[in-house]
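Data block below; observations after.
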Amino acid sequence: QLQLVESGGGLVQAGGSLRLSCVASGRIYSSHGMGWFRLAPRKEREFVASIRWGSGNTYYADPVKGRFTISKAGAENAVYLQMNNLKLEDTAVYYCARTRRGYSTLEAEYDDWGQGTQVTVSS
């Protein structure tokens with residue numbers, strides 16, 4: 001099992017930026033994928049972005065396309081989420097997770113999860 005630790009959340013004004021980090025306790029293999037999900041109040045946890053560890057191909061949910069960028073640092077077993085032009089509706093707890101499938105937007109297909117980091121966007 002992989003331990004994942006997120007950091008970088010906080011309070012930011014609408015239009016601002018934050019960069020989330022997620023560091024894994026062990027190696028992430030090229031056949032795996034890493035994803036970011038978020039859980040907002042009174043909503044279900046939803047897919048945000050994912051990256052194939054081997055190819056670096058990225059995928060985004062429609063609400064964040066053009067504003068968020070997922071990236072990786074393979075040597076550090078770390079994945080990042082750069083969030084620009086933040087909106088009020090981006091307020092949520094953000095989780096990183098690992099899937100052995102390489103790519104998935106489905107929560108159930110991710111095996112290991114971090115504890116989450118709170119992002120709050122204010123007006």
By side chain to side chain contact (heavy atoms under 4.5 Å, CB included) - contacts of Ser7 (at least two apart): Ser21
All side chain to side chain donor-acceptor pair (under 3.5 Å) counterparts of Arg45, not counting sequence neighbours: Glu107
Close side-chain approach of Leu4 and Met34, heavy atoms under 4.5 Å: yes
Measure the [atom1]-[atom2] distance between [X] and [Y] for me, rounded to the nearest 0.5 Å.
X	Y	atom1	atom2	value
Arg52	Ser31	CZ	OG	10.5 Å
Thr58	Lys65	OG1	NZ	10.0 Å
Glu6	Gln118	CD	CD	12.0 Å

Those residues that, when tested against Arg19, pass salt bridge (Lys or Arg N to Asp or Glu O under 4.0 Å) (two or more places apart): none
Contacts of Lys43 that satisfy salt bridge (Lys or Arg N to Asp or Glu O under 4.0 Å) - sequence neighbours left out: none
Which residue pairs pass the disulfide bond (SG atoms under 2.5 Å apart) test with at least one member in [range], sequence neighbours excluded?
range	value
residues 45-87	none
residues 75-123	Cys22-Cys96
residues 52-83	none
residues 30-63	none

Thr120 side-chain N/O to Thr91 backbone N/O, donor-acceptor pair under 3.5 Å: no
Does one hydrophobic cluster hold both [X] and [Y], with members joined at side-chain heavy-atom distances below 4.5 Å?
X	Y	value
Val64	Leu20	yes
Phe68	Val93	no
Ile51	Tyr94	yes

Within residues 111-123 or reaching into it, pairs that qualify as salt bridge (charged side-chain N to carboxylate O under 4.0 Å, His left out) - sequence neighbours excluded: Arg98-Asp112, Arg100-Asp111
Residues clustering with Leu11 (ILVMFWY side chains joined when closer than 4.5 Å, directly or via others): none
Pair listing, ring-ring contact (aromatic ring centres under 6.0 Å, His included) test, anchored in residues 21-61, at least two apart: Tyr29-His32, Phe37-Phe47, Phe37-Tyr110, Phe37-Trp113, Tyr59-Tyr103
Over all heavy atoms of both residues, which pair between [X] and [Y] is shortest? Give the atoms and the distance, please.
X	Y	result
Val119	Gly9	CG2-CA, 4.1 Å
Ser104	Glu109	OG-OE1, 2.5 Å
Val12	Gly16	CG2-CA, 3.9 Å

Ignoring hydrogens and angles, write down the donor-acceptor pairs under 3.5 Å from the side chains of residues 79-90, residues two or more places apart or on other chains.
from: Gln82; atom 1: NE2; to: Asn84; atom 2: OD1; distance (Å): 2.9
from: Asn84; atom 1: OD1; to: Ser17; atom 2: OG; distance (Å): 2.9
from: Asp90; atom 1: OD1; to: Arg38; atom 2: NH1; distance (Å): 2.9
from: Asp90; atom 1: OD1; to: Arg67; atom 2: NH2; distance (Å): 3.0
from: Asp90; atom 1: OD2; to: Arg67; atom 2: NH1; distance (Å): 2.7
from: Asp90; atom 1: OD2; to: Arg67; atom 2: NH2; distance (Å): 3.4
from: Asp90; atom 1: OD2; to: Lys87; atom 2: N; distance (Å): 2.7

